[in-house]
Amino acid sequence: SDHRNNVFISKKMSYCLRHNPAKYGLKLDEYGFVDLQDFLNAMNSMHHFSPKLTEMKIREIMHDSDKERFEIKKGTICALYGHSVPGIIKRKKAVPPKVLYHGTAHRFLKSIKKERLLPMGRQYVHLSTDIEMAMSVGKRRDSHPAILRINAEKAYQDGIDFYIGNDEVWLCDHVPSDYLTQL
Ligand code: HQG
């Protein structure tokens with residue numbers, strides 16, 4: 001179906017823009033953006049999509065998506081979160097909502113409590129604005145995920161930086177366990 005094909009292409013886009021632009025001969029700028037035409041050329045030469053990927057198709061994929069993963073701005077494109085490329089992608093600092101959530105697997109709780117909430121394989125810790133989203137994030141790793149409530153207001157007051165991913169995803173360098181409560 002069209003939707004399944006869109007998800008397939010979206011995953012390739014995420015792989016390129018979050019994890020391995022070098023494999024596509026691309027280099028992200030410090031904010032994670034790459035020239036959109038260069039991106040289209042690289043994606044098309046690597047994957048032989050039929051029909052070829054175009055800006056219009058990307059806009060359709062973004063519209064058809066369950067999450068806001070990409071941003072197109074002034075002829076460039078970036079992934080809004082999820083990065084693991086070497087060299088930290090800069091995101092805009094902002095005042096977070098008072099409360100945020102993180103869905104995770106029960107088997108990680110002991111380590112999270114001891115070591116803090118850490119970015120692990122990515123550049124930032126990912127937090128959700130609502131419980132439902134945290135649930136779906138957690139379900140990727142545990143059929144009955146644990147939901148942590150983050151006292152973001154207090155963490156922010158205490159000097160922890162928060163960055164905007166999209167309207168539903170907030171990013172953090174780490175969250176000490178004092179700010180976490182398991183629901
Ligand atoms: C856990 C997807 C042990 C953390 C999602 C998580 C999200 C620890 C895992 C986005 C730990 C990392 C990101 C510690 C954290 N000890 N485990 N100290 N600190 N962890 O995938 O938040 O669909 O890198 O709880 O929906 O699950 O791809 O992060 O379980 O928005 O667009 O280490 O990726 O979005 O896992 O997911 P991840 P995440 P997309």
Side-chain angles (χ1 to χ4, degrees), residues 3-21 23 28 31-34 39 43 58-72 77-92 94 96-97 99-152 155 160-183:
H3 179 70
R4 279 183 56 174
N5 188 47
N6 288 348
V7 170
F8 176 81
I9 298 172
S10 175
K11 288 189 179 189
K12 302 293 181 200
M13 291 173 57
S14 286
Y15 178 70
C16 175
L17 293 171
R18 293 174 177 177
H19 309 300
N20 205 350
K23 187 175 157 184
L28 307 182
Y31 294 95
F33 282 95
V34 66
F39 178 70
M43 290 292 284
I58 290 182
R59 290 188 185 276
E60 179 197 310
I61 290 166
M62 288 166 67
H63 187 75
D64 183 36
S65 177
D66 59 334
K67 294 181 189 166
E68 192 188 353
R69 295 187 171 88
F70 311 105
E71 181 181 13
I72 292 178
I77 186 167
C78 77
L80 290 170
Y81 60 90
H83 298 90
S84 73
V85 286
I88 295 284
I89 298 297
K90 287 187 189 155
R91 296 293 311 173
K92 208 166 90 196
V99 173
L100 288 163
Y101 301 92
H102 180 85
T104 189
H106 283 277
R107 64 182 181 280
F108 298 155
L109 289 175
K110 203 173 145 194
S111 164
I112 290 172
K113 206 168 171 190
K114 191 164 160 235
E115 314 282 352
R116 302 166 294 168
L117 208 43
L118 295 171
M120 306 307 281
R122 303 188 200 257
Q123 295 190 352
Y124 298 101
V125 171
H126 289 61
L127 305 172
S128 308
T129 49
D130 63 84
I131 295 176
E132 203 183 317
M133 174 66 78
M135 267 290 179
S136 80
V137 173
K139 275 190 179 149
R140 290 154 53 247
R141 311 196 183 286
D142 190 329
S143 52
H144 297 283
I147 303 299
L148 300 173
R149 179 188 184 279
I150 289 94
N151 188 344
I160 292 182
D161 290 328
F162 287 80
Y163 314 88
I164 301 176
N166 62 28
D167 286 350
E168 296 177 304
V169 178
W170 281 77
L171 307 169
C172 232
D173 300 306
H174 66 95
V175 186
S177 40
D178 334 1
Y179 304 104
L180 308 175
T181 322
Q182 192 188 337
L183 296 191

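Note that ligands are numbered from 1 as they come in the structure, with each ligand's atoms numbered from 1 the same way. When reading the values below, keep in mind they use all heavy atoms of this one structure, side chains included, and skip hydrogens, waters and symmetry mates.
Ile77 is listed as a side-chain neighbour of Met13, based on a closest heavy-atom distance under 4.5 Å. Val169 places none of its side-chain heavy atoms less than 4.5 Å from the side chain of Lys67. In this structure the side chain of Phe39 reaches within 4.5 angstrom of the side chain of Cys16, judged on heavy atoms. In this structure, the side chains of Leu28 and Phe33 stay at 4.5 Å or more apart for every pair of heavy atoms.
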Take Tyr101 and Leu127, measure what side-chain contact (heavy atoms from CB on, under 4.5 Å) needs, and give me the verdict at the end. CA-CA 6 Å; Tyr101 301 92; Leu127 305 172; over 6 Å; no
Close N/O pairs between ligand 1 and protein, under 3.5 Å:
unit_1, atom_1, unit_2, atom_2, d
ligand 1, 16 (N), Ser111, OG, 2.5
ligand 1, 18 (N), Arg116, O, 2.8
ligand 1, 19 (N), Leu118, N, 3.0
ligand 1, 19 (N), Leu118, O, 3.4
ligand 1, 21 (O), Arg122, NE, 3.4
ligand 1, 21 (O), Arg122, NH2, 2.9
ligand 1, 21 (O), Arg140, NH2, 2.9
ligand 1, 21 (O), Arg141, NH2, 2.4
ligand 1, 23 (O), Lys67, NZ, 2.8
ligand 1, 23 (O), Arg69, NH2, 3.0
ligand 1, 24 (O), Arg122, NE, 2.7
ligand 1, 25 (O), His102, NE2, 2.6
ligand 1, 25 (O), Thr104, OG1, 2.6
ligand 1, 26 (O), Lys67, NZ, 2.4
ligand 1, 27 (O), Arg140, NH1, 2.9
ligand 1, 28 (O), Arg18, NH1, 2.9
ligand 1, 30 (O), Thr104, OG1, 3.2
ligand 1, 30 (O), Arg141, NE, 3.4
ligand 1, 32 (O), Arg18, NH2, 2.7
ligand 1, 32 (O), Arg69, NE, 2.8
ligand 1, 32 (O), Tyr81, OH, 2.8
ligand 1, 35 (O), Lys67, NZ, 3.3
ligand 1, 36 (O), Arg141, NE, 3.4
ligand 1, 36 (O), Arg141, NH2, 3.0
ligand 1, 37 (O), Arg140, NH1, 3.3

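For CG of Asp167, the number of neighbouring non-hydrogen atoms (other residues, nucleotides, ligands) closer than 6.0 Å is 12 at most.
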